[in-house]
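Values reported hereafter were calculated over all heavy atoms of this structure, with side chains retained and with hydrogens, waters and symmetry mates removed.
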Amino acid sequence: MSASHLDAELSLRRGDFGLSLAFTADAGATVALVGPNGAGKSTTLAALAGLLPLTEGHLRVGARTLEAPADATREPPQARDVGMCFQGQALFGHLSAVDNVAYGLRARGVARTQARAMAHSWLERLEVGGLAARRPAQLSGGQAQRVALARALITAPSLLLLDEPFAGLDARTHAEIRELLRRTLAEFEGVALLTSHDFRDVEALADEVLVLEHGALAQRGSPAAVAAEPATEHLRAMVDAR
Amino acid sequence: MRQGQGHSPSARARSARPVLIGLAALGLALFVLPLLGLVIRALTEASGLALLEPAVRSALLLSLLVSTAATALAFVLGFPLAWVLARLDFPGRRLVRAAVTLPMVLPPVVAGVALLSVFGRRGVLGPALSAMGIELAFTPAAAVLAATFVAAPFLIVTLEAALEAMDPRLEQAAATLGASEWRILWTVTLPTIRPAVLAGLALSWARALGEFGATITFAGNVSGRTQTLPLAVYETLQSDFEGALQLSVVLLVVSLSVLVGLRGHFLGAPAEAQR
């Protein structure tokens, strides 16, 4: 995997909602998106993944242009080299944990045995090696999140998108997953983006914070900098609640 | 004043129950008594050798072939229709859905006349088909087409509901993981809606097996060629009640074994669809 700089200028409309947002991030950086529900956090991740088309702007990763409406460039999600963890995990219910994790390699034509072996080692790395044969319905929220993370990371993406990775977890599991993510992201060479409603996650994981409101960037800076002078009511409440 | 009439609150609260339960029992009797009567009379009166008669065996075989072929055709055309209805937003979608579900409420004999008026020798497409050497009406293929026409809507409605209820993030996740659209269809979409697929196939197959009106109108009633089991029951009934009893029991057993064979999926389907 080559180290890849992210250059995004995202502009899109979706019904009444409009998103307009520009930012860059260096390879290895973790960027946190914060803001109230409806501010555009999930929309931003979906646009980066290619699940929603841009109307204007551009998206580049390294030397590669993934999307540029002006010259009709638009790579489909399949060709973007992204790993996405969806809110609620969205694991495939009919596949075992190991086959969920192996899915991206199988889609790339890796032989089943080899894909499963690599999936096993990713499950081990995320401390759920013993659950390889389980179906998603037999996993707890924290276990499912680990499997989803392994599934997203196994293809060594240049962009890792984590949509509310802590949603629905109890306090203890939340802290465990945060610590696991901290270690995992430290080794991750691409750009990681995550959304959270808890400022402790932001402080523990992010190098930079993008504060969103009504689909636009309200503030940008390091966790310490935005915490010192929160520009929005929502961020102030998040900082106070930490 | 109602409260002055001397009913206790609990009596007033309960008063609907006995009526509903009584009517439910009556309804159950309506469904069970005829089947019970059929089985009892077949056991006591019929000599039970109907299956050995060549005409019966060929009708049964034809019925199994026709309903299986019709269900396969219903899936090949019905899944894409359900997918288009569930996933694409286009003008006229409601009209398409109405057209696809119309056969569910249309009298089958009308379906037969409609098929004849298009595919019959003097139908709209008849001359063109004749020119290509294709004669559909009154052939086994016509029986398949007639059964597909009446049975496919059951499959389509079931599949469309399942596709709409499915979490869109599953297909999105597969796409971000690099899976092509075909791969997503085979490895995520169809396995995820598997209970609905099985339930829809069973419903469709059962409806095709029982098809009578459209078949006799469009495919005719030629013994050994287009005479399916329901048609054989009807014809036998004209002269031989005992024979009709035996054939009916054969159909009942075939239908029941489908229901029992798919019990887990079929009866479990409504609960799973709500997940």
Check: Which pair of heavy atoms, one from A:Ala90 and one from B:Ala173, lies closest together, and at what distance?
Finding: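 Shortest heavy-atom contact: O-CB, 4.3 Å.
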Next item on the list: Go through the structure and list residues passing side chain to side chain contact (heavy atoms under 4.5 Å, CB included) with A:Ala152, not counting sequence neighbours.
Entry: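 Checked A:Ala152 against side chain to side chain contact (heavy atoms under 4.5 Å, CB included); matches are A:Cys85, A:Leu160.
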Notebook entry, point to check: How would you list, by chain and number, every residue that makes a side chain to side chain contact (heavy atoms under 4.5 Å, CB included) with B:Leu251, sequence neighbours excluded?
Noted result: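 Side chain to side chain contact (heavy atoms under 4.5 Å, CB included) check on B:Leu251 returns B:Leu209, B:Leu229, B:Pro230, B:Val233.
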For chain B against chain A, give me the donor-acceptor pairs closer than 3.5 Å, one per line with atom names and distance.
unit_1	atom_1	unit_2	atom_2	d
A:Gln78	N	B:Ala175	O	3.4
A:Gln78	NE2	B:Ala179	O	2.7
A:Gln87	O	B:Arg169	NH1	2.2
A:His94	NE2	B:Thr187	O	2.7
A:Tyr103	OH	B:Thr187	OG1	2.5
A:Arg106	O	B:Arg183	NH2	3.4
A:Arg108	NH1	B:Leu177	O	2.6

Note to self: Counting only heavy atoms from other residues, nucleotides and ligands, does the tally under 6.0 Å from CZ of B:Phe31 exceed 12?
What the structure shows: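 No, CZ of B:Phe31 has 12 or fewer neighbouring heavy atoms, counting only those of other groups under 6.0 Å.
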Notebook entry, point to check: Can you list every ring pair (Phe, Tyr, Trp, His ring centres under 6.0 Å) pair that touches residues 147-167 of chain A, not counting sequence neighbours?
Noted result: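 As it turns out, the ring pair (Phe, Tyr, Trp, His ring centres under 6.0 Å) pairs with a partner in residues 147-167 of chain A, which skip direct neighbours, are A:Phe166-A:His174.
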Notebook entry, point to check: Does any heavy atom of chain B fall under 4.5 Å from the side chain of A:Leu91, the backbone, both, or neither of them?
Noted result: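 For A:Leu91, the backbone is the part near chain B, not the side chain.
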